[in-house]
Amino acid sequence: MSGPLAGLFVLDFSKFLPGPYCTWMLADLGAEVVRVEHPRELAKQAQVFGVQNLSPAEQALRRARDIFARNKKSLLLDPGDAASRPLLEALMKSADVLVEDYRPDVMEKMGLGYEAMAAINPRLIYCSISLCGQSGPYRNKPGHDPIALSVAGALSRFGEDPDRPSFPGVPVADLLSGSNAVIGILASLQARHASGRGQHIDIAMSDAAMPLIASTLSRNADPARLPPRGTRRVDCGLWRCADGRWICTTDMEPRYWTMFCDVIGRPDFKPHQLDAGRREEIIAELEGIFATRTSSEWMTMLEAAGTQAMLVYEPAEALKDPHNIARGMAPVHVAAGGEPVQQIGCPIKLSETPAVFRHLGHTPGADDAELRARFLQGP
């Protein structure tokens, strides 16, 4: 099977997570994705992650383990080098989509900006992903995920400590930005059916993070007087059990709250679900109650009652969970050297044209010869 985006040709100039996440989704759904990998950027990333001294075999295994390199080809060249121009222009003429995550104006300085590429290929959909977008006072601001969350007002809401915010621990703005880029690309492809022309997509990580505060704003009339960070309902919580494990509960609907109170043996809590005056007292009581049994005992009781509860998994546990395995979200593939490689499955499930695994990540430049022969010398 070839996937729903079979026939779509994508040039991927991205380096950090939002762009590679976007093109990973496109590749899993069948698009042909070619990573244009700059030697200087690869060296920079190797320093950032402390892997500059790996052997070729170690580098190949590391790339095979890179989930966001899956199903993509690799072309190793300096996009700003004049010698690269003939191949890049040939690729541009055939491309449907270009994804890049350089800071604003960098692609233009290399002669690869949107206007120049649209002149070569008017049907090209050109997606730029950056921290704060292509316009606005912060367009040239450097930074990664937490900076975008800070600009959006979202980082201030992370954590339970009312005295200080905390990092979320997962790349929230990165993945939201990558998802928004996919949506923008698919919407632009649909628009191209009518107009015959591509367009420029401007994805800002700070923009993508702002909907994280939408529900808070929707429920509070004055944004300057939001509930303090860490102020949460009694019907949602993280509870430490006698064995040190944590259980998450989300019994917000009255029916579930009633069942929850019965399970924990405190039916007297039922009328006080939204009683702000008793919030701290009830939370303290619940912490003490959950500390009396193991997580296994609590999960058996809560699941039997049908309440909303789940053991808080570590990543290794999530990968072994029967549900995640059944959903195809924890596949294991085999690298060229025979080593098993843990992957994450495509989160988009389509009944007629499902995502397709073709190959693990290719090492930088692995597809140079094929691509040069195909685009510079014809098929």
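Only heavy atoms go into these numbers, but all of them, side chains included; no hydrogens, no water, no symmetry mates.
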Going by salt bridge (Lys or Arg N to Asp or Glu O under 4.0 Å), name the pairs with one or both residues in residues 258-267, residues two or more places apart or in two chains. Asp262-Lys270, Arg266-Asp268, Arg266-Glu285
With a 6.0 Å cut-off (strictly less than), is the heavy-atom count around NZ of Lys320, excluding the residue itself, greater than 12? no
Is it possible for you to say whether Leu371 and Leu42 belong to one hydrophobic cluster, with membership spreading through side-chain heavy-atom contacts below 4.5 Å? no
Any residue meeting ring-ring contact (aromatic ring centres under 6.0 Å, His included) with Phe167, in chain and number order, not counting sequence neighbours: none
Testing Ser128, Cys127, Pro18 one by one against Val99 for a side-chain contact (heavy atoms from CB on, under 4.5 Å), which residue passes? Cys127
In short, salt bridge (Lys or Arg N to Asp or Glu O under 4.0 Å) pairs touching residues 186-197 with sequence neighbours left out are Asp96-Arg192
According to ring pair (Phe, Tyr, Trp, His ring centres under 6.0 Å), does anything in residues 88-124 pair up with another residue at least two apart or in another chain? List the pairs. Tyr114-Tyr126, Tyr114-His200
Looking at Tyr138, I want to see if its OH is surrounded by more than 12 non-hydrogen atoms of other residues, nucleotides or ligands under 6.0 Å. no
Name every donor-acceptor pair, under 3.5 Å, that has one atom in a side chain of residues 311-318 and the other anywhere in the protein, sequence neighbours excluded.
residue	atom	partner	partner atom	Å
Tyr313	OH	Asp321	OD1	2.5
Glu317	OE1	Arg245	NH2	3.0
Glu317	OE1	Glu314	N	2.7
Glu317	OE2	Arg245	NH1	3.1
Glu317	OE2	Arg245	NH2	3.1

With Lys73 as reference, evaluate Glu370, His362, His359 under the side-chain hydrogen bond (donor to acceptor under 3.5 Å, both in side chains) test and give the passing residue. Glu370
Classify the angle between the aromatic ring planes of Trp24 and Tyr21 as parallel (below 30°), tilted (30 to 60°) or perpendicular (above 60°). tilted
Evaluate the ring planes of Phe290 and Trp298, with Trp represented by its six-membered ring, and classify them as parallel (under 30°), tilted (30 to 60°) or perpendicular (over 60°). tilted
Answer yes if Val97 and Val36 sit in the same cluster of Ile, Leu, Val, Met, Phe, Trp and Tyr residues linked by side chain heavy atoms under 4.5 Å apart, and no otherwise. no
What pairs meet the salt bridge (Lys or Arg N to Asp or Glu O under 4.0 Å) rule with one or both residues in residues 159-185, with sequence neighbours excluded? Glu160-Arg232
